[in-house]
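Worksheet: the structure to be examined is printed underneath.
Not measured: the values here are computed from a predicted model. Each chain gets a letter, A, B and so on, in the order the sequences are listed, and its residues count up from 1.
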There are 2 protein chains.
Amino acid sequence: MNRADQDACRAWQLLMKFFFAQRGHLPASGAEFDLSPIQCHVLHLIEPGRPLPMSRLADTLSCDASNVTGLVDRLESRGLVRRRPSPRDRRVKVLHLTPTGARLRARLLRQMAGRSLPLSRLSLDQQRTLVKILEALVDEK
Amino acid sequence: MNRADQDACRAWQLLMKFFFAQRGHLPASGAEFDLSPIQCHVLHLIEPGRPLPMSRLADTLSCDASNVTGLVDRLESRGLVRRRPSPRDRRVKVLHLTPTGARLRARLLRQMAGRSLPLSRLSLDQQRTLVKILEALVDEK
DNA sequence: TATTGTTATACTCTATAACTATA
DNA sequence: TATAGTTATAGAGTATAACAATA
């Protein structure tokens, strides 16, 4: 294995380590707000002011549509999200955050960042470089 | 908010986006090997040649010990891991990968890296910088 | 007394199959 | 015919409480 391959290999090993470490923190992060990990994930995906069709949620979560029904039922009964009919396609229901849901989402994300991302270990230069790299790595479409 | 705070804010927003994107891919990644997301996580945590006590697994997953019992039951019945008594403390059981488990773990991690980490979008310089940054960010203890 | 792991129980998460409404 | 969403069902994931064995 050449030097470039070694670097790439090391990079994805560390990215996976980071990912699974975050995944390990998620149950405790969510529990502070009485949210399951998957509920945290849904809340992250429904951005304020950006309604999301149920089917898109199922795709992004890599799960079956029947699963999303129950998931959204529970979030809706807690007053965090709301289903609304789509004006364009009467089969579709789009998901909105309620004001309560938006506030909880913001608190959750702040808490997750504070709990598990020791950015203070990085220099300002490193933080800026990290931003550039992540922008290349995370598909924003 | 000053410039430094903006950079830090953007950095953790992107890290969270990366994390949840990976989390979204995990069910499909695991399904190719008939593994649930949590089973993938456990397999990642039990490194070959590095036995792991059950209690440590519960801590790292932020879950209750009673949960780990069932989790390990299912992995053990598939021949992927084995419980062994600890020689030092007779209350403790440590987890080992079987050869089959170690092979499956390697295949899973290779597949995850190939599926979801488009490192080819990064220059070699960026990859090397990313490694340095992640080493600072991921607690290796 | 405290800790490790198991069991019993109940609820959430999840996929499969069958269904309705709409496109 | 195909797609969006629901329902029913069954199995996996999860926490709580009570327990046995060991420290």
Legend entry - hydrophobic_cluster_shared for B:I46 and B:I38, side chain cutoff 4.5 Å: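 Yes.
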Legend entry - Within one Ile-Leu-Val-Met-Phe-Trp-Tyr cluster: B:V94 and B:L61, side-chain cutoff 4.5 Å: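 In one cluster with B:V94: B:L61, no.
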Inset, instruction - Using the side-chain hydrogen bond (donor to acceptor under 3.5 Å, both in side chains) rule, take B:S66 and B:D64 through it: C-alpha gap first, then chi angles, then the decisive distance, then the call. - result: CA-CA 5 Å; B:S66 64; B:D64 194 83; 2.8 Å; yes
Inset, instruction - Please list, by residue number, the residues of residues 63-78 of chain B whose heavy atoms come closer than 4.0 Å to an atom of DNA chain D; answer none if no residue qualifies. - result: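 By residue number: B:C63, B:D64, B:S66, B:N67, B:L71, B:R74.
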Side chain of [X], backbone of [Y]: donor and acceptor closer than 3.5 Å?
X      : Y     : value
A:H96  : A:V81 : no
B:S86  : B:V92 : no
B:R105 : B:H44 : yes

Inset, instruction - Scan B:S62 against the nucleic acid and name what it touches under 4.0 Å (heavy atoms): base, sugar-phosphate only, or nothing. - result: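 Answer is sugar-phosphate: B:S62 comes under 4.0 Å of backbone atoms only.
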Measure the distance from [atom1] on [X] to [atom2] on [N] and round it to the nearest whole Å.
X     : N      : atom1 : atom2 : value
B:L35 : C:dT14 : CG    : P     : 16 Å
B:L57 : C:dT6  : CG    : P     : 11 Å
B:I38 : C:dT12 : CD1   : P     : 19 Å
A:K93 : C:dT20 : NZ    : P     : 15 Å
A:H41 : C:dT14 : NE2   : P     : 10 Å
B:R83 : C:dT4  : CZ    : P     : 16 Å

Legend entry - Nucleic acid contacts - residues 45-53 of chain A versus DNA chain C, non-hydrogen atoms under 4.0 Å: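 Within this stretch, nothing sits under 4.0 Å of the strand.
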Inset, instruction - Before accepting this row, confirm whether a basic side-chain N of the pair A:E76/A:R83 lies closer than 4.0 Å to the acidic partner's carboxylate O. - result: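 So A:E76 pairs with A:R83 through a salt bridge.
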Legend entry - Lys/Arg N to Asp/Glu carboxylate O, A:R10 vs B:E135, below 4.0 Å: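 Here A:R10 pairs with B:E135 in a salt bridge, since their nearest N and O are under 4.0 Å apart.
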Inset, instruction - Could you list where the contact with chain B starts and ends along DNA chain D, reading 5' to 3', using a 4.0 Å heavy-atom cut-off? - result: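 Contact span on the strand: D:dA12 to D:dA23.
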Legend entry - Partners meeting side-chain contact (heavy atoms from CB on, under 4.5 Å) with A:R78 (sequence neighbours left out):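 Scan of A:R78 (side-chain contact (heavy atoms from CB on, under 4.5 Å), adjacent residues dropped) gives A:D34, A:L35, A:Q39, A:L80, A:L104.
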What is the distance from atom [atom1] of [X] to atom [atom2] of [Y], rounded to the nearest 0.5 Å?
X      : Y      : atom1 : atom2 : answer
B:T129 : B:D125 : OG1   : CG    : 5.5 Å
B:Q127 : A:C9   : CD    : SG    : 10.5 Å
B:M54  : B:L57  : CE    : CG    : 7.5 Å

Inset, instruction - Report the end-to-end axis angle of the helix from C:dT1-D:dA23 to C:dA23-D:dT1; each axis comes from five terminal pairs, and the value is rounded to 10°. - result: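 The angle, to the nearest 10 degrees, is 10°.
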Inset, instruction - Not counting sequence neighbours, which residues clear salt bridge (charged side-chain N to carboxylate O under 4.0 Å, His left out) with A:E32? List them please. - result: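 A:E32 satisfies salt bridge (charged side-chain N to carboxylate O under 4.0 Å, His left out) with A:R115 once adjacent residues are dropped.
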